[in-house]
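Remarks on the structure that follows.
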Amino acid sequence: MAGAAPQGASRSEVYRGNGPRLMLPTWVFIGIFLVLPVGLMAIYSFLTKEFRGGVIWEFTWAAYDQFFLDRGLFGDEPPSIEWTYIGIFWRSIWQAGLATVLCLLIGFPTAWFIATREASARPVWLFLVTIPYWVNLLIRTVSMKFLIRDNGPLNEFLLWTGVISDPLSLINTNFAVQLGLFYSYLPFMVLPIYSAVERYDFALSEAAADLYSDNWTTLRLVILPVVKPGIVAGCILVFVPSLGAFLAPDLLGGAKTFMIGSLIEEQFKGAAGNWPFGAAAAMILLSIVMAVLLLHARAQSKEAS
Amino acid sequence: MARHTDLRRFTGFRGLTILCLVLLYAPLVIVAVYSFNDSASITRWGGFSGKWYVDVFTGPESPKFRQAAVNSFVIAIGAATCATIIATAAAVAMHRTGRFRGKGASIALINLPLMVPEIVTAVASLIFFITIGFTTGLLTIFIAHLVFCIPFAYLPISARMQSVPDMYEQAAMDLYATPWEAFRLVLLPLMIPGILSGFLLAFIISLDDFLITNFVKGAGIETLPTAIFGSVKQGIKPNIMAISTLLLGVSVVFVTLSWLIGRAGQSRT
């Protein structure tokens, strides 16, 4: 990748001097309707909650206190660590991590297989993987729910083949949520790995084979290190949306499989609404995601230099 | 040079690829098949019938879903159109104006909607609209959609602009075209495939959105995804499967169009 132009920048200056003017609409819309709202959300996480939703403009740490500390039923006991919400975050991280690993295990072979087809056949294969990504996520999640219901087609099929004698109860389990996450974000893993493999120089594999390396050893010692940037990009593209996912845990899971997305949503939609607490949970989620992205950006720039 | 082993081949990779595609398509295909089920119970197969499609358009729930569909399409067309215009201007700034202050930050800003988790954007938007006193409704949905459509419209437009050399515009300006004329009469026609792809992707992304819409929609206003979600919460009914299949068809048609336009554009340069 040495000598590649910086991302997205080209040299042309046909309309020199108009840059800021042309960029203004982007700055206005994303600035006012995304950056400003996120800033406001940060402020909200330090405000006092109003019952039935909304806030009172008085500064307090209450939301973060409630998130991290347990002060007993009446709030007068010495604080200890509150595990409920940390546990929900931990489960989310764990589920998102597992979904990432599973997507990698299926996604890498798929990306490799597609990238090593004839050049004319690749776009068609790639297109087949892309279509589900563009199909409404809600519809895909509902379809999965329909498929794995207690008396759904999957159970009917397994009963019919005699693999099982009683229907499997999959809905409302961590397994169902995992299946939903894996299914939702699988295409995100294939695409970046595909573009990395497509640029892979097979002369490296030839050299390894000349030195008596078998294919699997070459994969481990040569190919994986070379296409690593694509793998890392794919992992981030699966992990980040899985972490904050709402539809899969909400439709396929139950109370025992609660994830961050549902926790936040409940604060704004449910009867027990607590806006500052919801804003604080969203801030913590955003911090985790930004930390992952920053680490990735730093690792990239280190590799480039 | 002949080798005993094919360096590109790994045992099992073909099988895993097939598995990957089966996993991706099986739930969608099964729902599409069951949407033609004659039985009112979603469990038993009662023969082939298109009656749930008739129900979608004439049944007791049809006014609700028709209104939701109208809202969805109006918002998607509006948001995708505005996002495409903004993204085209941004792409020209990025690829045709040389250096300017804030260029690096601009790339980050365009990509920001892709990096912030959807649930965070949803919460932040709701808080923002409530605080500045906007009544949540169609307008707030439109604004929220416009923001996250910008990066999706930008991707194909930017890719296309990078592949179009600027010599045609230079030639036009040598012949005394103004910058605006060079853009409108030379660059814009060359950009049509990228712009169409960008518009179609933004359109689908807007049509798809559930989470952000659900936060900023306000009481009584539904788009197709929020209406479907509300209905699914009470159990999956056959008419929902018919609507889902229709929406699935719309997505597939639009993605295929976008893909074909992109390919046609590539082969011409």
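Computed from a predicted structure; not experimentally measured. Reminder, nothing fancy here: chain letters follow the sequence lines and each chain counts from 1.
Side-chain contact between B:P179 and A:V14 is absent, with no heavy atoms from C-beta onward closer than 4.5 Å. The side-chain heavy atoms of A:F33 and B:F129, taken from C-beta on, include a pair separated by under 4.5 Å. Using a 4.5 Å heavy-atom cutoff, the side chains of A:F113 and B:F10 are not in contact. By the 4.5 Å heavy-atom criterion applied to side chains, B:Y25 and A:L128 are counted as neighbours. A heavy-atom distance below 4.5 Å is found between the side chains of B:V116 and A:M290. Using a 4.5 Å cut-off on side-chain heavy atoms (C-beta onward), B:I204 and A:Y133 make no contact. With a 4.5 Å cut-off on side-chain heavy atoms, A:E13 and B:T97 do not count as touching. Residues A:Y15 and B:E169 are in side-chain contact: their nearest non-hydrogen atoms beyond the backbone lie under 4.5 Å apart.
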(message) Between B:D208 and A:W134, does the side chain to side chain contact (heavy atoms under 4.5 Å, CB included) criterion hold? Intermediate values first, please.
(response) CA-CA 8 Å; B:D208 262 13; A:W134 294 110; 5.6 Å; no
(message) Under the criterion side chain to side chain contact (heavy atoms under 4.5 Å, CB included), I'd like the reasoning laid out for A:K269 against B:N214: C-alpha separation, chi angles, the key distance, then a yes or no.
(response) CA-CA 9 Å; A:K269 291 279 167 178; B:N214 194 34; 4.3 Å; yes
(message) Pair B:V255, A:F127 - check side chain to side chain contact (heavy atoms under 4.5 Å, CB included), show working.
(response) CA-CA 9 Å; B:V255 178; A:F127 183 56; 3.7 Å; yes
(request) Using the side-chain hydrogen bond (donor to acceptor under 3.5 Å, both in side chains) rule, take B:Y154 and A:T26 through it: C-alpha gap first, then chi angles, then the decisive distance, then the call. (result) CA-CA 11 Å; B:Y154 179 78; A:T26 307; over 6 Å; no
(request) Run the numbers on B:L248 and A:N136 for side chain to side chain contact (heavy atoms under 4.5 Å, CB included), then give the verdict. (result) CA-CA 7 Å; B:L248 194 151; A:N136 200 311; over 6 Å; no
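Interface remark: B:F13 contributes backbone and side-chain atoms alike to the contact with chain A (heavy atom separation under 4.5 Å). Contacts of A:I260 with chain B are absent, with no heavy-atom separation under 4.5 Å from either backbone or side chain. In this structure, the portion of B:R9 lying under 4.5 Å from any heavy atom of chain A is its backbone and not its side chain. Both the backbone and the side chain of A:P20 come within contact range of chain B, each with at least one heavy atom under 4.5 Å from a heavy atom of that chain. With a threshold of 4.5 angstrom between heavy atoms, B:I85 does not approach chain A through any atom at all. Only the backbone of A:L137 has a heavy atom closer than 4.5 Å to any heavy atom of chain B. For B:L24, the parts sitting under 4.5 Å from any heavy atom of chain A are the backbone and the side chain alike. Using a 4.5 Å cut-off between heavy atoms, B:I127 touches chain A through backbone and side chain atoms alike. Both the backbone and the side chain of A:V38 have a heavy atom closer than 4.5 Å to some heavy atom of chain B. With a threshold of 4.5 angstrom between heavy atoms, A:W275 approaches chain B through side-chain atoms but not through N, CA, C or O. Heavy-atom distances place the side chain of A:L147, and not its backbone, under 4.5 Å from chain B. Of the two parts of A:Y200, neither the backbone nor the side chain holds a non-hydrogen atom closer than 4.5 Å to a non-hydrogen atom of chain B. In this structure, the portions of B:A182 lying under 4.5 Å from any heavy atom of chain A include both its backbone and its side chain. For B:I205, the part lying under 4.5 angstrom from a heavy atom of chain A is the side chain only. With a threshold of 4.5 angstrom between heavy atoms, A:L24 does not approach chain B through any atom at all. Contact annotation for B:F229: both backbone and side-chain heavy atoms come within less than 4.5 Å of a heavy atom of chain A. Both the backbone and the side chain of A:Y183 come within less than 4.5 Å of a heavy atom of chain B. Heavy atoms closer than 4.5 Å to chain A are found nowhere in B:A159, neither backbone nor side chain. Both the backbone and the side chain of B:L109 come within contact range of chain A, each with at least one heavy atom under 4.5 Å from a heavy atom of that chain. Interface residue A:I223: only side-chain heavy atoms are found under 4.5 Å from chain B.
Interatomic distance, CG of B:L21 versus OG1 of A:T110, reported as 7.0 Å (0.5 Å rounding). To the nearest 0.5 Å, atom CG of residue A:L293 and atom CE of residue B:M115 are 6.5 Å apart. Here the CG atom belonging to A:D214 is positioned 11.0 Å from the CG atom belonging to B:L7, to the nearest 0.5 angstrom. Atom CE of residue A:M23 and atom CD1 of residue B:I86 lie 11.5 Å apart, to the nearest 0.5 angstrom. To the nearest 0.5 Å, atom CG of residue A:L34 and atom OG of residue B:S125 are 7.0 Å apart. A distance of 8.0 Å separates OG1 in B:T245 from CD1 in A:I139, rounded to the nearest 0.5 Å.
Pairing each heavy atom of B:A124 with each of A:P37, the nearest pair is O-CB, 3.4 Å. Minimum heavy-atom separation, A:F29 to B:V147: O-CG2, 3.8 Å. Nearest approach of B:V120 to A:A282, heavy atoms of both residues: CG2-O, 3.7 Å. The two residues B:I119 and A:G261 make their nearest non-hydrogen contact at CD1-O, 3.6 Å. Minimum interatomic distance between B:T11 and A:W216 (heavy atoms only, all atoms of both residues): O-CZ2, 3.7 Å. When every heavy atom of B:A93 is checked against every heavy atom of A:G19, the shortest pair comes out as CB-O, 3.6 Å.
Interface remark: of the candidates B:I240, B:L201, B:V232, B:L201 forms the most heavy-atom pairs closer than 4.5 Å to chain A.
At most 12 heavy atoms of other shown residues, nucleotides or ligands fall within 6.0 angstrom of atom CZ in A:R16. Within a 6.0 Å radius of OH in B:Y168, other residues, nucleotides and ligands contribute 12 heavy atoms or fewer.
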